[in-house]
Amino acid sequence: MQNFTYTANPGRILFGFGTLEKLAGEIRAAGMTRVLLLSTPHQADQVQAVAKSLGDLSAGVFSDARMHTPAEVTERALKSLKSLRADGIVSLGGGSTIGLGKALALRTNLPQIVIPTTYAGSEMTPILGETTDGVKRTLRSDEVLPETVLYDVELTMGLPVEMSGLSGMNAVAHAVEALYCKEANPITSLIAAEGIRALTGALPRIAQDGADREARSDALYGAWLCGTCLGTVGMALHHKLCHAIGGAFDTPHAATHAIVLPHALAYTAPAIPEVMTRLGETLGCDDPALRLYEIGHEIGAPDGLKALGMPEDGIARIVELSLRDPYWNPRPLERDALTRLLEDAYHGHPPQRH
Ligand code: NAD
């Protein structure tokens, strides 16, 4: 056993079908008396209904959360929070709404209850990305970690099937890299393997039938575990590539992850034989990178980075960006092999070991 450091994040987790019914009790238990409820415009009706059910425990609703947590939206939400004299924050939605809740907690130190409705996993991380004048900056702070997370599978039943598959594969990528990143440790690896097992088993079933309740429950359980991985360790080559591609070509976040993951894993594989064995056991296959590629097809992931609109000469740019400012990776970054990896991902070919 190698030396390791493991930092557990605080937080109370409730999981199941119908857990939303426990919200009022959780608000009181957390010592809040008047909460501001947050959502995106798309989920405004849903959060209004929750606010109504809370009666006096609801101070009001702010339903204008946006992607990438724009500072201007946070300022408006902050004004609303202060004028309503709220003493707690309830975020209902995906990473965008949860990001706004975190941004408010950072500025006010108020407690948060988060009710996630996607598989993105932000609720389990001390990470906040905020955008000011078009520039996104990421910070890590324990102050943004929610005190309570309430997972209600019922609320994910309507998550569109395509978004479910892609955001689920994005979560799987967090757990895969948790197994071999610099901060890898036995506890996070246990959580990662279980998260990968649960999500990769559930996502193809959801692609077949979005109303499969057992698959929905397994997927949300896996998303919690994969989010926990992202919250407790750093990441490696795969995340570097996805950030570089998304930043340079504005490709959709989750789809980029789903496409790149099998290739980044195939690249790193020679340096991580034990992790590949574990992943093979978890996925029930001999070639984990190929199996992840197949699952991408089963959930309807786009056919390569080309299908996301990235230009072919962008491959050289991503190689340069990755080499200039690399993340630590078990297999160091090599120009030619990285180029081959990106060519495979670009054309939608199966992953190969270069
Ligand atoms: P999202 O929150 O942007 O949601 C996308 C759309 O789907 C929204 O309109 C939302 O209202 C809607 N939606 C959410 N749940 C739904 C449901 N169950 N049924 C129907 N519609 C639903 O999407 P996301 O992928 O959850 O979050 C993406 C954002 O989160 C990005 O900005 C990303 O950077 C951030 N993120 C942050 C972290 C972190 O640790 N800080 C982790 C993961 C993602």
Side-chain angles (χ1 to χ4, degrees), residues 9 11 17 20 37-50 61-71 73-74 91-103 105-106 112 114-131 136-146 149-175 177-178 195 206 210-211 216-217 219-220 223-235 239 242-243 246-247 250-258:
N9 290 327
F17 284 94
L20 187 59
L37 291 105
L38 308 175
S39 79
T40 61
H42 183 74
Q43 289 175 289
D45 291 349
Q46 199 179 6
V47 83
Q48 283 289 359
V50 174
V61 167
F62 182 90
S63 285
D64 207 14
R66 307 273 164 178
M67 274 283 258
H68 308 306
T69 332
V73 174
T74 302
S91 309
L92 184 143
S96 297
T97 303
I98 299 169
L100 175 60
K102 287 174 159 182
L106 185 69
Q112 304 172 72
V114 173
I115 308 163
T117 61
T118 72
Y119 305 139
S122 174
E123 65 280 1
M124 295 311 298
T125 82
I127 305 166
L128 169 63
E130 295 191 280
T131 309
K136 189 167 178 178
R137 287 192 190 81
T138 302
L139 62 87
R140 281 185 95 97
S141 165
D142 288 349
E143 310 224 329
V144 307
L145 273 169
V149 180
L150 211 152
Y151 287 104
D152 188 339
V153 186
E154 214 67 72
L155 301 178
T156 64
M157 296 303 298
L159 186 65
V161 165
E162 194 200 357
M163 191 175 159
S164 302
L166 293 175
S167 99
M169 284 305 279
N170 186 182
V172 169
H174 304 328
E177 292 234 290
I206 292 173
R216 287 289 188 184
S217 179
L220 192 60
W224 163 45
L225 298 175
C226 293
T228 303
C229 293
L230 183 64
T232 53
V233 294
M235 293 287 129
H239 281 74
C242 291
H243 289 165
D250 205 21
T251 53
H253 179 83
T256 307
H257 275 270

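This one's a predicted model, so the numbers in the text were calculated from it and none came from an experiment. For ligands, and for the atoms within them, numbers begin at 1 and follow the listed sequence.
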Participant: Name the closest protein heavy atom to atom 44 (C) of ligand 1, giving the residue it belongs to and the distance to 0.1 Å.
Facilitator: Ala120 CB, 3.9 Å

Participant: For the residue pair Gln112 and Val144, what are the closest heavy atoms and their distance?
Facilitator: NE2-O, 2.9 Å

Participant: Return the option from Ala65, Pro41, Ser39, Gly95 holding the heavy atom at the smallest distance from atom 35 (C) of ligand 1.
Facilitator: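 Looking at heavy atoms only, the winner is Gly95.
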
Participant: Do Ser167 and Thr118 have side-chain atoms, one donor and one acceptor, less than 3.5 Å apart?
Facilitator: no

Participant: Can you confirm, on distance only, whether ligand 1 has an N/O atom lying under 3.5 Å from any N/O atom belonging to His253?
Facilitator: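 No; the residue has no nitrogen or oxygen that sits under 3.5 Å from a nitrogen or oxygen of the ligand.
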
Participant: Within the 4.0 Å heavy-atom shell around Gly158, which atoms of ligand 1 are there?
Facilitator: 19 (N), 20 (C)

Participant: What pair of heavy atoms forms the shortest contact from Tyr119 to Leu159, and how long is it?
Facilitator: CE1-CD2, 4.0 Å

Participant: Do any N or O atoms from the side chain of Arg66 and from the backbone of Ser96 form a donor-acceptor pair under 3.5 angstrom?
Facilitator: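 No: the side chain of Arg66 does not pair with the backbone of Ser96.
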
Participant: In terms of side-chain heavy atoms, does Gln43 have a donor or acceptor partner in Thr117 at a distance below 3.5 Å?
Facilitator: yes

Participant: Nearest protein heavy atom to atom 41 (N) of ligand 1, by residue and atom, and its distance?
Facilitator: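 For this ligand atom, the closest protein heavy atom is Ile127 O, 2.9 Å.
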
Participant: Could you identify the single nearest non-hydrogen protein atom to atom 36 (N) of ligand 1 and state the distance to 0.1 Å?
Facilitator: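 Result: Ser122 CB, 4.3 Å.
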
Participant: For ligand 1, which atoms sit closer than 4.0 Å to a heavy atom of Leu159?
Facilitator: 15 (N), 16 (C), 17 (C), 18 (N), 19 (N)

Participant: Is the number of heavy atoms from other residues, nucleotides or ligands within 6.0 Å of CD (Glu154) greater than 12?
Facilitator: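 Yes - once you tally the heavy atoms of other residues, nucleotides and ligands closer than 6.0 Å, there are more than 12.
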
Participant: Test your reading of the structure: does Ser167 have an N or O sitting under 3.5 Å from an N or O of ligand 1?
Facilitator: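 It does not: no N or O of Ser167 is found under 3.5 Å from an N or O of ligand 1.
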
Participant: When you measure from atom 15 (N) of ligand 1 to every protein heavy atom, which one gives the shortest distance, and what is it?
Facilitator: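 Protein heavy atom at minimum distance: Thr117 OG1, 2.7 Å.
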
Participant: Polar-atom distance check: Thr125 versus ligand 1, any N or O pair below 3.5 Å?
Facilitator: yes

Participant: His257 vs His243 aromatic rings, parallel, tilted or perpendicular, using cut-offs 30° and 60°?
Facilitator: perpendicular

Participant: Please state which protein non-hydrogen atom is closest to atom 1 (P) of ligand 1 and give its distance, to 0.1 Å?
Facilitator: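 Residue, atom and distance for the closest contact: Ser96 OG, 3.5 Å.
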
Participant: Within a radius of less than 6.0 Å around CG of Asp250, do more than 12 heavy atoms belonging to other residues, nucleotides or ligands occur?
Facilitator: no

Participant: In Å, rounded to the nearest 0.5 Å, how long is the span from CG of Leu92 to CD of Gln48?
Facilitator: 11.5 Å

Participant: Test your reading of the model: is there a side-chain donor-acceptor pair from Asn9 to the backbone of Gly231, 3.5 Å cut-off?
Facilitator: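 A pair under 3.5 Å: yes.
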
Participant: Give the single entry among Met163, His42, Gln46 that approaches atom 7 (O) of ligand 1 most closely by any heavy atom.
Facilitator: Met163

Participant: Quick check on contacts: which atoms of ligand 1 are under 4.0 angstrom from a heavy atom of Leu155?
Facilitator: 18 (N)

Participant: Could you tell me, atom by atom, which parts of ligand 1 come under 4.0 Å of a heavy atom of Gly94?
Facilitator: 2 (O), 26 (O)

Participant: Does Lys102 reach ligand 1, in the sense of a heavy atom lying below 4.0 Å from it?
Facilitator: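 Contact present.
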
Participant: I'd like to know if the side chain of Thr69 reaches the main chain of Gly129, judged simply by a donor and an acceptor atom lying under 3.5 Å from each other, with no hydrogens or angles considered.
Facilitator: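 Present.
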
Participant: Could you tell me the residue and atom name of the protein heavy atom closest to atom 10 (C) of ligand 1, and the distance to it rounded to 0.1 Å?
Facilitator: Gln43 OE1, 3.5 Å

Participant: Please list, in number order, the atoms of ligand 1 under 4.0 Å from a heavy atom of Lys136.
Facilitator: 32 (O), 34 (O)

Participant: Does the side chain of Lys102 pick up a donor-acceptor pair with the side chain of Thr125 at under 3.5 Å?
Facilitator: yes

Participant: I want to know if ligand 1 touches Thr40 in the polar sense, i.e. an N/O pair below 3.5 angstrom.
Facilitator: yes

Participant: Look at atom 31 (C) of ligand 1 and say which protein heavy atom is nearest, naming residue and atom and giving the distance to 0.1 Å.
Facilitator: Met67 SD, 4.1 Å

Participant: What about Thr118: any of its N or O atoms under 3.5 Å from an N or O on ligand 1?
Facilitator: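 In this structure, Thr118 places an N or O atom under 3.5 Å from an N or O of ligand 1.
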
